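On a predicted model such as this, the values are computed, not experimentally measured, just so you know. Every chain is numbered from 1 and lettered A, B, ... according to where its sequence line falls, protein lines coming before strand lines.
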Amino acid sequence: MSDEPRQSASHRYTAALANEIEPRWQARWAELGIDRQPNPGEAGFDASRPKFYCLDMFPYPSGAGLHVGHPEGYTATDIICRYKRMSGFNVLHPMGWDAFGLPAEQYAIQTGVHPAITTREAIDNFRRQLRRFGFCYDWSREFGTIDEGYYRWTQWVFLRLYKSWYDPEAEPRDATVRSPGRARPIAELEAEFASGARPVRFNPLAAEVADALKARTYESWDELDAGARRDVLDSYRLAYLGEQTVNWCPKLGTALANEEVIDGKSERGGFPVFRRPLRQWMLRITAYGDRLLADLEGLDWPESTLTQQREWIGRSEGAEIDFGLPEAPMGVGAAALRVYTTRPDTIFGATYMVVAPEHPLVDAVLKDDGAPGGLREYVEWARNRSDVERQESKDKTGCDTGLRAVNPATGERIPVWTSDYVLMGYGSGAIMAVPAHDQRDFEFAEKFGLPIQDVVYPKPLLAASRYFKRRPNAGEKWRAELSDVLSMVTSENTEPRDFDSIIERARVRSAGDETAPVTPVAEEWLGLLDGLAGDDAGGDGARDVIERGRVHRARGEAFAGDGRLWHSANAGISLNGLAVPEAKRQIVGWLESEGLGQKKVQFRLRDWLFSRQRYWGEPFPIVFDEAGRHHAVSDDALPVTLPEMTDYTPEESDEPKPLLAKAGAWLRTTAGEAGAEGLDPGAGVTRESNTMPGWAGSCWYHLRYTDPGNTDRLASEDAESYWMGRQPDRELGGVDLYVGGAEHAVLHLLYARFWHKTLFDLGHVSTNEPYRKLFHQGLILSHAFQRADKSLVPVDQVEERGEDEFVETATGERVAQIIAKMSKSLKNVVNPDDVIADHGADTFRLYEMYMGPLDQQKPWDTRAIEGMFRFLRDVWRLCIDDATGEPRVADAENGDLEKRLHRTVDKVGGDIERLAFNTAIAAMIEFKNAALSKDGTPTLTADQIDRFVRTLAPFAPHLSEEIWSRLGRFDQRGSVHRQAWPEVDESKLVDDSIEIPVQILGKLRSKVTVPADADKKAMETAALADERIKELIEGKTVRKVIVVPGRLVNLVVG
RNA sequence: GGGCCCGUGGCGGAAUCGGCAGACGCGGCGGAUUUAAAAUCCGCUUCCCGGCGACGGGAGUGGGGGUUCAAGUCCCCCCGGGCCCACCA
């Protein structure tokens, strides 16, 4: 082997060489600090450069280590950051750890090892793996959310929420706020109450405060005692204690997320789970509902994410309506039942009402002796039913409460039922049921035999009638056409967006067959429409339709679409003949004038449940005095650290008991010891023993990176406003590019926006929105195998039998190869460490970027990695002599290659800007293919290698630096990663002459070469002079010539 | 059930603004080199028809229709796949 001639080529690019040069350069870069980015005011900061803040969603460091999905987004941002740095930007590109969380705690329960230990180990492993990729993070800014120096400020932000309220009338801080209102310190509210500048009352926006309390306005602040003042102020806080129904598992001693509850039992252990109201910390995110919605406008975010946020916020406009309860038994206590509806226009069709099983009215009825039989049993069953169960079975269940309400529009007495399809958490927990026009109400009414009353008449039929009227002399053909229209109208439950398109389709269908039969359905509808034709708004014809034409009902559906009202009249008001929007306006106006209801904006968004009964999270900076009142820990006393514990097993209990409640010595202390504000230092206090949820740390980490070591503030004003501030050319400030998975499209991004906005309102940060531009990388998938019954088989239990034939080893059964998510159980997870060992980090980076568009999901193909390795090997061979390891430099410049190089630089730069790394790499491969000589002679001058290597550097930083160094450039000018992006000579991008296609009737027939700047006339002349074209148009008339300068010529011949 | 996204060669994908469909890579086929294989290098590679060949003709971007001189791209309908939300009145 050793005498093999090619063996002398010992300087070839191999995996071994990659694994030698990569760590070597990583160490050298760290030593030189080339990825350090100084802050304003620090040595080495260049104020003349614009800034670029590029943020990756920081990982949760799991024990399993890095997944191939992590480096996908990280490589993309790395390329952009390196490119931006070369293009003259100050680049902030940090990395850290989202390290509080459940998995570490679960592991601690099993092993007794403190979560901090396992988490620190996982962080060290993640850091090692990330560094091996050569990412240009400024590691001097690294932190974890579990660092005391970090979560101290998480607690500090919580206290800002605790000490603030939302003033809907306050002037926004700047014009980027698109909806009124702003958070203000609660001290200002107190001062306004005390001075009489503001009427003293409970917070009208507080969901946790009873309506009766909210209705009252107090004479003066002095009238109230200290306790009452606290109650009033507490109702305004953005962080407050409120009741929320949760899934409570006594055996596990914790509340569970809905996903952790299956069939009413805990996922772990199978213990029973109960829905239980629990008093805990809530954040008043609903106060920001309008702003979180309105400020989405103007963000450069994926449309799908914007949509998801809008839907999650779920703003709807409707009305609150009071239904009288004249015969309610004593003890029910309410004279009216309040409902929320988005369709007040359908009130004439409200034939019964439904309240949630948790509704106070139900409890009131149950206290009464006259409660109907079975009600108690139903309510108990329903209240203990988990959300998961409710979702699994959508069969309607319910029970009559025996109460009767009065429909204010019709004056009729209607029954009040209870059912779990009405949720206590939305609106007022009660609805007016309109079974004719709401699918859920319809199903309920069908099941329990409740009356159904139509009041809205579908518009397509009105449109069809107009169409019919336009053709009074309709013959067979038109009848056929109309029958098609009608069959479409009646066969589709969706409202056609455009009636003309239906007509168009009908015309197309019937065009081929003039005698198309008139179907029985169409016949019926033609009859109905005949009756209707005389009067759109009403009359006997329309009434006939209403009575006979209950098409939707016949199909087992309620008609929920837009349309016109009918049968909607009493002595007080008539909605007959009105379209839905107008009918809504009229009925709400009438209700308001009668004092029976008013317009109401409702959000789907609920306040954020912020307490967890867990250990491994941020402790609340809150203590309770002996009277049970909460008090803030002062800013100076932060952080409140977690107590050491030896046993992480939750306590079995009937009452919710957080894990920290076991830490007796920590739990019970004095106000002085805890640093509590406004209490006698000797007073005994109990610490809040819940911890914050995993989301807390990720709500503001983008701010900390700007100044991670600051001990006085969450970040200095200078650093924060420089990195997060507005750019001269942009309306919005914030992070310039935020890249991460689409799984965070709602919760993380909504929570972070909320915190950021509060900090903005209070003057702690300089922008209204945290993330100006957002991008989601697509999932990286893998192969898996599927049996005929669709069950999946791990890849190690399958063998290949020839072309595309796979069988399960154990059974010999044939299985299909499919694309699936990587998962441990399928044994198809790719380990980044292995890929780097086999090919090097540069190849790995290139491969992941070459797989396809960054935002699409793509299957991992181990074989295709080879292609990227070959590319890098060829680049190496292009620049470095295999035998000597010296650079291969041509003396004279090849003009064609020079042109290509300029185009490549231009294309790659543009592609990076639009995150199209796959095509950028393709362009570089093309250049390599053109430049690589067949005979082994050098083709590129030193200057050309210099520029090409700079172009490749953001993608393959190690190989580029090595070639750069062997070219002598490192010694002369320092690292390739601190060089400028190669300049593009515009004149090199255009050719003198270009080949343009000549089409005849849109079909390519020939090509002609014309000067690049040829005008229309010249192009036309050249095209018509072409031999082939002349031949083809021989004897035909050229009717028209389409010339697109620089692109093509198209001849229209006839 | 609702919303969003996506369907292009054997495979991943390209076509950035309605203007030459299939760039680039993988795989495959043929050849060179080799005692041989691997590796490497060179060539071909959407399909169909004709031609020894240069080449010529036709079809073609899930299916059907429309707009246009021109459609992968825009509009309508249908089919298939994926993701998210899901009793929110």
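Below 30°, between 30° and 60°, or above 60°: for W876(A) and Y13(A) the angle between ring planes is between 30° and 60°, a tilted geometry.
Between A14(B) and C26(B), the distance separating the two C1' atoms is 15 Å to the nearest Å. For the C1' atom pair drawn from U73(B) and G19(B), the interatomic distance equals 11 Å after rounding to whole Å. Straight-line distance between the C1' atoms of G60(B) and C48(B): roughly 10 Å, to the nearest whole Å. For the P atoms, the distance linking G72(B) with G64(B) amounts to 13 Å, nearest Å.
Minimum atom distance to the side chain of Q857(A) is reached by G82(B), of the listed G3(B), G27(B), G82(B). When distances are taken from the side chain of Q308(A) to each of C41(B), C69(B), C84(B), the shortest belongs to C84(B). Across C85(B), U16(B), A89(B), the shortest atom-to-atom separation from the side chain of Y340(A) is found for A89(B). With distances taken from any side-chain atom of T342(A) to the nucleotides G13(B), A89(B), C85(B), the minimum falls on A89(B).
In this structure, the side chain of N407(A) engages the main chain of I347(A) through a donor-acceptor pair within 3.5 Å. Between the side chain of T843(A) and the backbone N or O of M868(A), no donor-acceptor pair lies under 3.5 Å.
A salt bridge links E303(A) with R310(A); the closest basic N to acidic carboxylate O contact falls under 4.0 Å. Ion pairing of E317(A) with K584(A) is absent here, as no side-chain N (NZ or NE/NH1/NH2) approaches a carboxylate O to less than 4.0 Å. The residues R877(A) and D882(A) are annotated as not salt-bridged, no charged nitrogen and carboxylate oxygen being separated by less than 4.0 angstrom.
As judged by a 4.0 angstrom heavy-atom cut-off over every strand, N929(A) is placed among residues touching the sugar-phosphate backbone only. Using a 4.0 Å heavy-atom cutoff across all strands shown, R315(A) reaches no nucleic acid atom at all. At the heavy-atom level, R873(A) lies under 4.0 Å from the strands shown only through sugar-phosphate atoms. Counting any heavy atom pair closer than 4.0 Å across all strands shown, K600(A) reaches no nucleic acid atom.
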Please enumerate all protein N or O atoms sitting under 3.5 Å from an N or O of nucleotides 53-57 of chain B, with distances to 0.1 Å.
| residue | atom | partner | partner atom | Å |
| --- | --- | --- | --- | --- |
| G57(B) | OP1 | R1028(A) | NH2 | 2.7 |

Could you go over nucleotides 18-23 of chain B and give all protein N or O partners under 3.5 Å, atom names and distances?
| residue | atom | partner | partner atom | Å |
| --- | --- | --- | --- | --- |
| G19(B) | O2' | R1047(A) | NE | 3.3 |
| G19(B) | N2 | N1050(A) | ND2 | 3.4 |
| C20(B) | O2 | K1007(A) | NZ | 2.5 |
| A23(B) | O2' | E926(A) | OE2 | 3.3 |

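The phosphate of C26(B) (OP1 or OP2) has a side-chain N or O of R870(A) nearer than 4.0 angstrom. A sub-4.0 Å separation between OP1 or OP2 of C83(B) and a side-chain N or O of S304(A) is absent. Close to A59(B), at under 4.0 Å from its OP1 or OP2, lies a side-chain N or O of K1003(A). OP1 or OP2 of C41(B) lies within a sub-4.0 Å distance of a side-chain N or O belonging to R877(A).
Using a 4.5 Å cut-off on side-chain heavy atoms (C-beta onward), Y850(A) and I925(A) make contact. Under the 4.5 Å side-chain criterion, counting only non-hydrogen atoms from C-beta, R1005(A) is not in contact with D1026(A). L774(A) is listed as a side-chain neighbour of H776(A), based on a closest heavy-atom distance under 4.5 Å. At least one side-chain heavy atom of V835(A) sits less than 4.5 Å from a side-chain heavy atom of W860(A). For the pair L450(A) and W417(A), the minimum side-chain heavy-atom distance is below 4.5 Å. Y847(A) places none of its side-chain heavy atoms less than 4.5 Å from the side chain of F871(A).
Around the NZ atom of K1036(A), the shell of radius 6.0 Å holds no more than 12 heavy atoms that belong to other residues, nucleotides or ligands.
Atom pair H783(A):NE2 and C26(B):C1' shows a separation of 11 Å (rounding to whole Å applied). The CZ atom of F927(A) sits 15 Å away from the P atom of C24(B) (whole-angstrom rounding). Between the CD1 atom of I865(A) and the P atom of C11(B) there is a distance of 20 Å, given to the nearest Å. One can place CE of M424(A) at 17 Å from P of C87(B), the figure rounded to the nearest angstrom. U68(B) atom P lies 11 Å from atom NZ of K1040(A), rounded to whole Å. For the pair D861(A) CG and G10(B) P, the computed distance is 17 Å after rounding to whole Å. One interatomic measurement links the two molecules: NE2 of H776(A) to C1' of C4(B), which rounds to 12 Å at whole-angstrom precision. Protein atom CZ of R863(A) is 8 Å distant from nucleotide atom C1' of C11(B), rounded to whole Å.
In this entry the base of G9(B) is syn relative to its sugar, with a glycosidic angle within 90° of 0.
When base pairs are accepted only as Watson-Crick or G-U wobble with both N-N or N-O distances under 3.5 Å, RNA chain B takes part in stems of 3 or more pairs at B:1-7 with B:79-85, B:10-12 with B:24-26, B:27-32 with B:40-45, B:46-50 with B:55-59, B:62-66 with B:74-78.
Taking the ring centroids of F444(A) and Y352(A), they lie under the 6.0 Å cut-off.
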